[in-house]
Each structure stands twice: as C-alpha cells, then as structure tokens.
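Accompanying notes for the structure given below.
Lettering follows sequence order; numbering is per chain, from 1. Side chains are part of it too, since the values below use all heavy atoms of this structure and drop only hydrogens, waters and symmetry mates.
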There are 2 protein chains.
Amino acid sequence: MTPGGAATTARSGEGLKAFEVVLRWVDDRILGGQLAVGDQLPAERELARMLDVSRAAVREAVRTLQAQGIVRSSVGGGGAGGTTITGGSTNALSLLLRRHVALSIFPAPDVVEVRVSLERLSVRLAAANATPEHLAPMRALLDVMADPGIDRSQFNDCDTAFHVAMADAAGNLLVRDLTAAIRESLRLPILDRFHALQSWSEVAETLRGDHQSIFAAVARGDGEAAAALVEDHIRSAWRILEGAVQR
Amino acid sequence: MTPGGAATTARSGEGLKAFEVVLRWVDDRILGGQLAVGDQLPAERELARMLDVSRAAVREAVRTLQAQGIVRSSVGGGGAGGTTITGGSTNALSLLLRRHVALSIFPAPDVVEVRVSLERLSVRLAAANATPEHLAPMRALLDVMADPGIDRSQFNDCDTAFHVAMADAAGNLLVRDLTAAIRESLRLPILDRFHALQSWSEVAETLRGDHQSIFAAVARGDGEAAAALVEDHIRSAWRILEGAVQR
DNA sequence: GAGCTGCAGTGGTCAGACCAATCGGGCTTG
DNA sequence: CAAGCCCGATTGGTCTGACCACTGCAGCTC
C-alpha cells in the first residue's frame, strides 16, 4: 500500500478511515457471531496485516472499543495476553456520561429527571428480586453513613455506592450500569454542592433518613413504596443542593 | 525522552499510560472550565510536545474522546480545522449500546425493561412540552408507515424515527439520546424478527394502531394515557417478536 | 476589485523500531 | 524423576520520522 494518504488510499470501500475498517471488521464478526464475549482479537500486528492497515490504525480502533467497554487489553504471551472481548460491567458508560455532564452537554436537570425514572425502576426491581446477599452491603453502607463524623466526600461516595448496590440488587444489568453511570456523573457536582452547604449535618441527617426508609421498603418487598420514596429522595435532595454555588 | 518503554518512562505520575496522560489533561481542562463546548484542542503535534508523549498517543486519546462523542476532528487549516469539543447530540451512546447488545452483554429483556421506563418518561414529557413543530414530523412518519406496501426494513426505520422524534419533543437531551440509543441498539434484532414473522401485515397493522393512539394522546396533552399506551405498545410488541427466531 | 495560486497548518496514515510484561517450554539441579 | 529456574517468543505500549490530502488565508495576478 502506498505510504500516506488521508482517509482513503484506494481503500476498497468508501471513504472509510483506516481505523474504521478495523472497527467494521470487528463489528461484522460480532454480528455474525464469530466473536463473542471471552474471545480474543487477533494480535495487533496480525490484524494490521490482515486488513492491510498500519498497526497504529488498529490501535486506534482498539482504543475506541476500549472506550466503549467492549474489549480489554493486556500484554504478555500465552492465553492471558492480547485483546479480549470483555464480558462484565465496565465503567464505560460512566466515563462517557461524566464528560458529557461536565461539559453541560446534558444539563443537570435533564439528568436528574432521567435518574428519577431509572431509580424508580431500580428499586421496584430490587424490592422484587433482592436476596439477603444483596441487602447486606446496603446495610453496611448505611452504617458507614450513619457515623456522625463522616466527611462529606466519604458520605458522597457511600451515597453513590448505596444507589449502585440497589441497582445491583435489581438484577438488570443495563439498569445497573446506567444507574451507576448517572450517579457517578453527578458525583463531582454533588460534592461541590455538599461543600457549599451551610447546614451540612442537617442535610446529612435528612439523607440518612431517606436512605433508611428506601432500604426498609425494599427489604420488605414493597416496590411501589420504595419507588415513591426514592423519587422523593432524589427530587428533594436536588432541590436542596440546587441553590448551592458550583465550584 | 527515551524511545520505547511500556506504560511508564518515568512518567511523572503513577502507571498512567501515555494516552491516559492526554485524557487526564483534557479532563482537567474540562473540569476546570478552560475547555468548553465549541473550543478547540491544541493541534496534535503541539499537544504531543506539551505533554511529552508521541503523537500516536495523542491520537489514541482523541479516538477515545471521539468514541464518547466529546470531540470531532477535521483536517485543514484555519478556524474550521482541528479537533473541536462537540456540542450537539452524537450517536456515541448508540454505538456503545449497539455493540453491547450485539454481544448480549446487556440481555434484550433488560434493555426492553429500561426502554419502557424511559419511553414512559419520554411521552409524558412530550405530552407536556410538544409544539406543533414537534408533532409534524411524527405525523409524517405515521403517514409513511401507513403505506400498506412499505417493506419491513423501512417500517422498522420509521418506527425508530417515530420514537426518537417523540423523545425529541420531550425536550430532555439525555432522554432523547438514550431513547435513540436504545431503540437503535434494538434495530437489528427487531428487524431480524420482523423478517421471521409469519403474519407481517397483521403485526404491522397492530403497530400502526399503537403508534396512532400514542400520538393522539401526546397531541392532546394526556401524558398519563400516553405513558400507559407506550408501555403497552413496547411490551406487547416485544412479546410478539420474542418468539421469532434470531438470525 | 475579482479571481487564482501557493503556502502553511491540520488531521490521516504508514513503516520500522525498541521496551516491558507475561507465559511456556526446555534446561538445570536436587 | 520431580521441582525449580531461566530464556525466548509473543503481545501490547510507545516513540520517531516521514509523507499525503485537505483546507483557509494571504498575497499575487489580471
């Protein structure tokens, strides 16, 4: 192949960029079922040779897939090395949303509104599906947050973890990842407002109460009550924090 | 800098990979407000020099951001060229979800469940906020789908477009992108089932009716009715399609 | 003044190189 | 013969330096 050439050097198809050729190749295999979770991609050098692109192009494609939480790369020979199609949950959604929120591409009120819908679903499912193994970590988080001396940052982290644990208990993977992503994307904005708060201990007490009642409703399997409580929790908390200055 | 070196060549911080250094730099500017929508990143060569990494590393980072719909790159000099922080909606979420669904990382039933929640919110907001300018395209889509001779693929595309138009009318950007992403991620699976269907014209007629009533409810501002209808629509449609074989 | 032309800057791409991590198999040693 | 060590092959990670095609703008031409 001729050395340089922007976008297309007689690339068989249309104006596909080199890394898009690789992406396409992977997509085709995924759709066709030749590539599934747990499988490995060919080594970068080999893929480059196969598709007649440079290794740099392959790497860019791999980074794209990595950013989407589709693959995981690790060095070394043998079975463990190489680029593998990832199965479990990643924080790809979180990273994406975090940046979007930070750029105000998604306004915070929009995000809050979606969060309400999502967490209503989350607790409703959790109330129906939660096992003791799911409830235990939530209780532990509640205990940590109960400490009067806990600092705002830690509290915020536990708060996030609590909502994620709830989504975990829901047993719906998309709900889980989406909830985690949304709460995570709000982590910094919320923390800023926590710090701007005058009446921190008072607010913390309110949040503690909210969490307790939500947990209780879920634990006793009352999905509707839990949904109402969580909606209230999110909306009222946001109302309180809204006023605080940012950064 | 020494030429090679995996992961760390005395990179100031921890085991940050080269492209992560770039990512970090961008994140810091975003969080700090020095980078906002519409701004340009420094040229790749300059960024590489500034951060003391190779241009390849910068490009990998840019690809990551591009995969997340954060930036857009274009060649050429002057103000238009370069890498720019993107504002509007991208299909980044769609691409991410599509691959996850194709890999069954998110099981279809999980996705459908989330879709119900999201679209309930979508139509409720649309009923409250839709203007005639929003309703017109939906009506047009409905007309296209009304054609008895329309083929399944076109119908499917219009169906997607209808739901997205609805989310557009909701006036919530995150709802819009998520709805589009989810429906889009289901496009192929649904199309496969459409083709496997025995009683296509019958099913199409049902879907037409569903869409009409949802549209009517939204047009008259009855959010609750619309929410109930859309939930019914999604669930019953999925139930019908579920049986059909895949691929 | 209108139109063209060339330069400079930008992303797109490639080739070739070396580094560090890792696994396995073969060799050494007890 | 078994346990352990070591070296080589493989893989991703990174860098350098180069060239291409596209674009806008300044300066030149007519």
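Out of dG11(C), dT16(D), dG13(D), the shortest distance to the side chain of Ser73(B) is found at dG11(C). Of the listed nucleotides (dC14(C), dT16(D), dG12(C)), dG12(C) has the atom at the smallest distance from the side chain of Arg59(B). For Val75(A), taking side-chain heavy atoms from C-beta onward, the closest of the listed nucleotides dG12(C), dA21(C), dT14(D) is dA21(C).
For Arg72(A) and dG12(D), a side-chain-to-base donor-acceptor distance below 3.5 Å is absent, hydrogens and geometry of angles not being considered. Remark: the Arg45(B) side chain and the dG9(C) base include no donor-acceptor N/O pair separated by less than 3.5 Å. Looking at Arg55(B), its side chain comes within 3.5 Å of the base of dT13(C) through a donor and an acceptor atom.
Distance Glu46(B) CD to dA8(C) P: 18 Å, rounded to the nearest Å. The CZ atom of Phe19(B) sits 16 Å away from the C1' atom of dC15(D) (whole-angstrom rounding). One interatomic measurement links the two molecules: CD of Glu60(B) to P of dG12(C), which rounds to 14 Å at whole-angstrom precision. For the pair Gln40(B) CD and dT23(D) P, the computed distance is 15 Å after rounding to whole Å. The distance between atom CD of Glu44(B) and atom P of dG11(C), rounded to the nearest whole Å, is 5 Å. The CG atom of Leu23(B) sits 14 Å away from the P atom of dG13(D) (whole-angstrom rounding). Rounded to whole Å, the distance from CZ on Arg49(A) to P on dC14(C) is 15 Å.
Residue Ser74(A) places no side-chain N or O under 4.0 Å from the OP1 or OP2 atom of dT11(D).
Across all strands shown, Gly81(A) has no heavy atoms under 4.0 Å from either base or sugar-phosphate atoms. Using a 4.0 Å heavy-atom criterion, one finds that Gly76(B) contacts the bases of the nucleic acid, with or without backbone contacts as well.
What you find for Ser94(B) and Ala181(B) is that their closest heavy atoms are OG-CA, 3.2 Å. Scanning all heavy atoms of the two residues, the minimum distance from Pro189(B) to Leu186(B) falls at CD-O, 3.2 Å.
The residue from Arg187(A), Arg183(A), Arg193(A) that alone fulfils the side chain to side chain donor-acceptor pair (under 3.5 Å) condition with Asn156(A) is Arg183(A). Checking each of Arg99(A), Gln68(A), Arg98(A) against Gln68(B) for a side chain to side chain donor-acceptor pair (under 3.5 Å) leaves exactly one that passes, namely Arg99(A).
Thr64(B) has its side chain out of reach of Val22(B): every pair of non-hydrogen atoms, C-beta onward, lies at least 4.5 Å apart.
Take the nearest nucleotide of DNA chain C for Ala56(A) and for Ala80(A): the residue whose nucleotide is more 5' is Ala56(A).
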